[in-house]
Amino acid sequence: MTWKTCLMAMALAAMFPVAAVQGADTRPFEGFRALVVEPENFWGWDTAVLCALEEKGFDVTYGAIPDAPGALDRYALVALTIKRNLTEGEARELERYVAGGGAVYGSWGGPMGSRAFLREVCKVGATKSQRLKKIVLLDSPLTAGIAAGEVSLPEYVGHTQVGDRGLEIVAVEPVEGGIPVARDTAGNCLGVLSQHGKGRTAVLGFGPEQDKHYADPDLGPAMMDNLLAWLLEEKIRSGRREWSGRISVLLPARAVVREVFLNGRRLSDPAIKRIGSVKTVELDVRGIAEGEGAEVRVTYETLPPGRNVETVIHLPWNTLRSAADSPARLAEYLESLHVTLCQPLLRSGFGHAWYKGMPQDSHDEVLVTQYEGNFLADLIRECHARGIKVVGGIYFDNATPVQNYPEVARIGRQGNPVKDRYGRVQACFNNPKGQEHSLATVQHLLDNYDLDGISLDDNFELDKAQCFCDYCKAGFRKYCEAHGIGYEDPSGASAIAQHWRDYRQEATRELAGKVRRIAAAHGVPAGGWVSASMGSMHLGQVFDFLGGMVYAQPPRAARAPLSVLGECDFICLLWAPHSDPRGMEREARESVHAGCAAVGFWIRGEDGGYEMDPERSEAMRRALGGVEEEWFRFYRENVLSGDGRFAMAGGKVGASELTLKVRNTGRKAARRPEGPLDLSGLEEALRPRRLTQA
């Protein structure tokens, strides 16, 4: 970087000092709208930034860059997350938007495939992915109030061991006019802020929204506050905000609403929506003038006793083996952790079964051959005796279908059969013959065991495991014909990549629907494990629940899935091994405050068994034992949401009625709950009982 560029950066920083974000204001950006652009891939970065913005108070829209000229102007901020490629039209509209005063944020290198936009608008030249164990924060608007200097990245990010390789971060080459905000120990720049016309941009090679990437859990949010304050400084200074004129009051998710009143007037068609552990009732308050108050009253069917948040433990792989001497002791351990739902993995993708399964399965020697009796049946009985439900988890069998039907082999892009790490040819699960054995396994499992549900583990999503066999191509041709799309061979045509993904997702829904119908015939729910990204949420249309593997993401990332799943449940599953025990408790609390109605941990002891070390076991006991109390804190803080001018002057929530006094303050309310909220009636009504009694 030349001395002229350094001087330019220093001048820009002086011209545009960061706007302070008051520490007491937890939602400083209420009244601002943000667009989070759907990325090309779905690793979960989309939900991390989406929920970070929503947590700060933004009214967030998720989707594509709009086609209509000027449509971006309604947004204070456009977040590209890891949207890599822009069309010429998108780049042109974004450039116009920024020049006119808009703000663009791209994390993990931003739109790396759009070089002209990066250089001319974002002041970023070449980009290059690399792996780092440390980053150096420079003195810049990003570090206002933060000590600049070296930051070590953690050894583990959820289930990913960073180790000697380091964490993947993008180096960006600053061009003249850009403000560098971080570098690696070799001096490579890792992020640039810039001014373009009246607007601002930030392209970072890392993501402040990803709290888990920093040993200090407060560092990411602090950088995010600084970043947003700098990007939106002029809008914050001007005080121009756009208020929706709508507020929402919260009820427990199980509430069945009868009537809604605003100032004594019964509303004929209120908007009611379930979002995880709560139900929102939205009201139009445009008629309430500045300084005026109003009363909201909602009546609902008397709430039966029960939990607001279920507590979950996932037992992976062969952890069950360590319970072979005593299923009762495993159930006692789960009970000691305050668990209401246990999800053991019973079958691997290689056909290994940790229970008495299908004749074709490779049955576990410890749990099946040597065990006297039926281990799974005994475990289910012991869990049920303690009020713990058991949902059986299985992988689809990759290899057995090919042994029966060689023609169902999964085919790669180059036309060769796809093999697993042991050299076995994998099956195409889109082909009915490729599904046959796995669907029979689901049927057999539910026919023979008193399970409370079935869950598919993470090898069933067909858009994640692509196949280019003749069956898949023929199905895609029919899909294109039905949708008026010109067919191209998906193995080589990038122009139809989005349609190919849509077809594979449709095929996944058809497959999931078959599993759900088997489960429904047995009177139990069916679901599947997915990442906490928006790309998998389409499965909420066909499953009863989704298990969200929130391992490397902040728990707040669950907010986004909850917003679109409606009545489909979502399990926020956190990672326990290698985790800081204090972090485990914090993440459980954050999951509850994200609105999750089911929270739990993926556990595995250092010896491969189910029992975690004493410190982590105790952390889970405290965390899972406190989720109901934490839910009431969450509820109290968020009973009123929506238009940021409105504050709650007081209220009461009971077993069958909510009454809130609200007030239009005329400006962004300094505090939402201005007055007392009496929850004693609600607490008494919902006094938690075991899951089987709920």
Side-chain angles (χ1 to χ4, degrees), residues 47 51 54 62 248-260 269-282 298-312 340-341 343 389 391 451-456 461 505-506 508-550 557-573 591-592 594-600 627 631 634-635 638 641 658 686 691-692 694:
T47 53
C51 297
E54 188 176 77
Y62 178 81
S248 291
V249 297
L250 299 193
L251 300 170
R254 291 180 294 119
V256 179
V257 176
R258 287 177 171 170
E259 295 180 305
V260 180
D269 190 23
I272 302 170
K273 180 181 180 181
R274 182 196 170 187
I275 304 178
S277 65
V278 296
K279 190 165 285 183
T280 64
V281 180
E282 189 177 81
V298 182
T299 64
Y300 37 91
E301 295 181 12
T302 301
L303 291 166
R307 299 183 63 92
N308 299 292
V309 183
E310 302 302 344
T311 51
V312 183
T340 61
L341 191 151
Q343 201 270 298
K389 287 191 173 184
V391 173
L451 287 165
D452 301 290
I454 188 78
S455 179
L456 303 183
E461 291 183 82
Q505 288 190 339
E506 182 178 277
T508 303
R509 291 194 295 273
E510 292 178 3
L511 174 57
K514 294 176 183 178
V515 174
R516 185 173 185 265
R517 286 192 289 275
I518 295 171
H522 290 78
V524 299
W529 288 107
V530 299
S531 64
S533 69
M534 298 301 281
S536 296
M537 295 307 109
H538 67 102
L539 290 165
Q541 302 172 36
V542 289
F543 272 143
D544 299 298
F545 67 90
L546 293 179
M549 297 181 286
V550 190
R559 286 174 181 260
L562 295 176
S563 69
V564 298
L565 286 177
E567 293 303 315
C568 179
D569 286 316
F570 183 85
I571 300 172
C572 186
L573 193 69
S591 301
V592 175
C596 297
V599 176
V627 295
W631 183 88
F634 154 72
Y635 184 82
N638 295 277
S641 60
L658 169 149
L686 296 183
L691 182 61
T692 51

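Heavy-atom basis, side chains included; hydrogens, waters and symmetry copies ignored.
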Sequence neighbours excluded - salt bridge (charged side-chain N to carboxylate O under 4.0 Å, His left out) pairs with any residue from residues 519-537: none
Residues forming a ring-ring contact (aromatic ring centres under 6.0 Å, His included) with Tyr635, sequence neighbours excluded: Trp631
Ser563 side chain near Tyr62 side chain, heavy-atom distance below 4.5 Å: no
Side-chain touch Glu310/Asp569, heavy atoms, less than 4.5 angstrom: no
With sequence neighbours excluded, residues passing side chain to side chain donor-acceptor pair (under 3.5 Å) with Glu282: Arg246
Residue pairs, two or more places apart or on separate chains, that pass salt bridge (charged side-chain N to carboxylate O under 4.0 Å, His left out) and touch residues 532-544: Arg516-Asp544
Inter- and intrachain pairs under salt bridge (charged side-chain N to carboxylate O under 4.0 Å, His left out), touching residues 529-539, at least two apart: none
Test item: side-chain donor near acceptor, Gln343 and Ser455, under 3.5 Å: no
Beyond-backbone contact of Leu546 with Pro561, side-chain heavy atoms, under 4.5 angstrom: no
All side chain to side chain contact (heavy atoms under 4.5 Å, CB included) counterparts of Val312, not counting sequence neighbours: Leu341, Ile571, Ala598
Pairwise side-chain contact, Val391 with Phe545, heavy-atom cut-off 4.5 Å (strictly under): yes
Any donor-acceptor N/O pair, Thr311 side chain to Gly600 backbone, under 3.5 Å: no
Residues which pass side chain to side chain donor-acceptor pair (under 3.5 Å) with Gln541, listed by chain and number, not counting sequence neighbours: none
Any side-chain heavy-atom pair of Met537 and Val530 under 4.5 Å: yes
Any residue meeting side chain to side chain contact (heavy atoms under 4.5 Å, CB included) with Glu506, in chain and number order, not counting sequence neighbours: Tyr479, His483, Arg509, Glu510
Results of side chain to side chain donor-acceptor pair (under 3.5 Å) for Asn638 - residues two or more places apart only: none
Salt bridge (charged side-chain N to carboxylate O under 4.0 Å, His left out) against Glu301, all qualifying residues, sequence neighbours excluded: none
Backbone of Met549 reached by a side-chain donor or acceptor of Ser531 within 3.5 Å: no
Results of side chain to side chain contact (heavy atoms under 4.5 Å, CB included) for Ala560 - residues two or more places apart only: Thr47, Leu50, Cys51, Met534
Partner residues of Lys514 under the side chain to side chain donor-acceptor pair (under 3.5 Å) criterion, sequence neighbours left out: Gln435
